[in-house]
Amino acid sequence: MNHLIVYAHPNPNSFNHAILETVQSELANQGHEVRVRDLYQLKFNPVLSGEDFAAFQQHKLPPDIEEEQRHIAWAEHIVVIYPIWWAGMPAILKGYIDRVFSYGFAYKYGEQGNIEQLLKGKAALLVSTHGNSEENYRQSGMYEAMKKTSDYGIFEFVGMKVLAHSFPASVTTVDDAARKSMLSEARQLLKELHA
Ligand SMILES: Cc1cc2nc3c(=O)[nH]c(=O)nc-3n(C[C@H](O)[C@H](O)[C@H](O)COP(=O)(O)O)c2cc1C
């Protein structure tokens, strides 16, 4: 299968980068085609601008958006890896969604005013590390809130099936052994999803 990894972390020495490497190698070991879009390395411009809207109105696409849409069109599975920053995605990833999941590509309005989901048939897997404890985020309802705004509000909105949303917790404070076991869990999840 064709897997696209969309990755949003600026630090190549981060735990998120270790997750990226784990996911990339596990998918390649399973024989999948894998492409990585490392948004910081690409210096992806996350600002949906007046020029973008003007281009959309003329049925044109800015070249960077067109390129990312080609990768999404190619992919059957999309893995999105990012840290939770202020209860959601880093701005660069949110801006990638703003610009790349555009009207006419990811969704459009049908004749009855209904939403047509244009990315049906694709599946998404989300991995979001965070610093808070699992207990704190479970009790406060943060997991439900984040799943609502990302899984339901973005990926399912455009027709993708969200296979799983994994939230490695307390990653800023746990020891190396715990981090290694989180990487094994990520590998295990991919084995189960693609068994
Ligand atoms: C700008 C910023 C905002 C953050 N906001 C949150 C937050 O809302 N909730 C949380 O649990 N952790 C938060 N964190 C902690 C990050 O989620 C944590 O540092 C990251 O997941 C660790 O992974 P890394 O080592 O790959 O960066 C924040 C960190 C930064 C830098």
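When a ligand or atom number is given, it counts from 1 through the structure's own listing order.
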S.K.: Roughly how far, to the nearest 0.5 Å, is the CZ atom of Phe105 from the CZ atom of Arg70?
M.R.: 11.0 Å
S.K.: Do me a favour and list the nearest non-hydrogen protein atom to atom 22 (C) of ligand 1 with residue, atom name and distance?
M.R.: Val171 CG2, 3.3 Å
S.K.: Could you tell me which atoms of ligand 1, counted from 1 in the order shown, lie closer than 4.0 angstrom to a heavy atom of Pro83?
M.R.: 20 (C), 21 (O)
S.K.: Show me the pairs that pass side chain to side chain donor-acceptor pair (under 3.5 Å) and involve residues 85-95, at least two apart or across chains.
M.R.: Lys94-Asp98
S.K.: CE of Met89 to CE of Met146: how many Å apart, nearest 0.5 Å?
M.R.: 11.0 Å
S.K.: Quick one: nearest non-hydrogen protein atom to atom 9 (N) of ligand 1, plus distance?
M.R.: Tyr137 OH, 2.7 Å
S.K.: Among all the protein's non-hydrogen atoms, which is closest to atom 27 (O) of ligand 1, and how far away is it?
M.R.: His9 NE2, 2.7 Å
S.K.: Have Arg99 and Ser49 got a donor and an acceptor in their side chains that come within less than 3.5 Å?
M.R.: no
S.K.: Looking only at N/O atoms, are Asn16 and ligand 1 under 3.5 Å apart anywhere?
M.R.: yes
S.K.: Pairs in or reaching into residues 159-195: which pass ring-ring contact (aromatic ring centres under 6.0 Å, His included), with residues at least two apart or in two chains?
M.R.: His3-His194, His32-His194, His77-His194, Tyr143-Phe167, His165-Phe167
S.K.: Would Gly131 count as being in polar contact with ligand 1, using the rule that some N or O on each side must be under 3.5 angstrom apart?
M.R.: yes
S.K.: Looking only at protein heavy atoms, identify the closest one to atom 31 (C) of ligand 1 and say how far it is in Å.
M.R.: Trp85 NE1, 3.7 Å
S.K.: Students should be able to answer this: which protein heavy-atom is nearest to atom 25 (O) of ligand 1, and at what distance?
M.R.: Phe15 N, 3.5 Å
S.K.: I need the minimum non-hydrogen distance between Gly131 and Thr172, along with the two atoms involved.
M.R.: CA-OG1, 3.5 Å
S.K.: Would you call the rings of Tyr109 and Tyr107 parallel, tilted or perpendicular if under 30° counts as parallel and over 60° as perpendicular?
M.R.: perpendicular
S.K.: Find the distance between CD1 (Ile72) and CG (Leu119) and round it off to the nearest 0.5 Å.
M.R.: 6.5 Å
S.K.: Just how far is it from atom OH of Tyr82 to atom CD1 of Ile84, taken to the nearest 0.5 Å?
M.R.: 5.0 Å
S.K.: Report the nearest protein non-hydrogen atom to atom 28 (C) of ligand 1: residue, atom name, distance rounded to 0.1 Å.
M.R.: Ile84 O, 3.5 Å
S.K.: So if I count the atoms of ligand 1 from 1 in the order they appear, which ones are less than 4.0 Å from some heavy atom of Ala87?
M.R.: 7 (C), 8 (O)
S.K.: Can you pull out the closest protein heavy atom to atom 11 (O) of ligand 1? Residue, atom name and distance to 0.1 Å, please.
M.R.: Asn132 N, 2.9 Å
S.K.: Any idea which protein heavy atom is nearest atom 21 (O) of ligand 1, and the distance to it?
M.R.: Thr129 OG1, 2.5 Å
S.K.: Which ligand 1 atoms, with their elements, are less than 4.0 angstrom from a heavy-atom of Thr172?
M.R.: 18 (C), 19 (O)
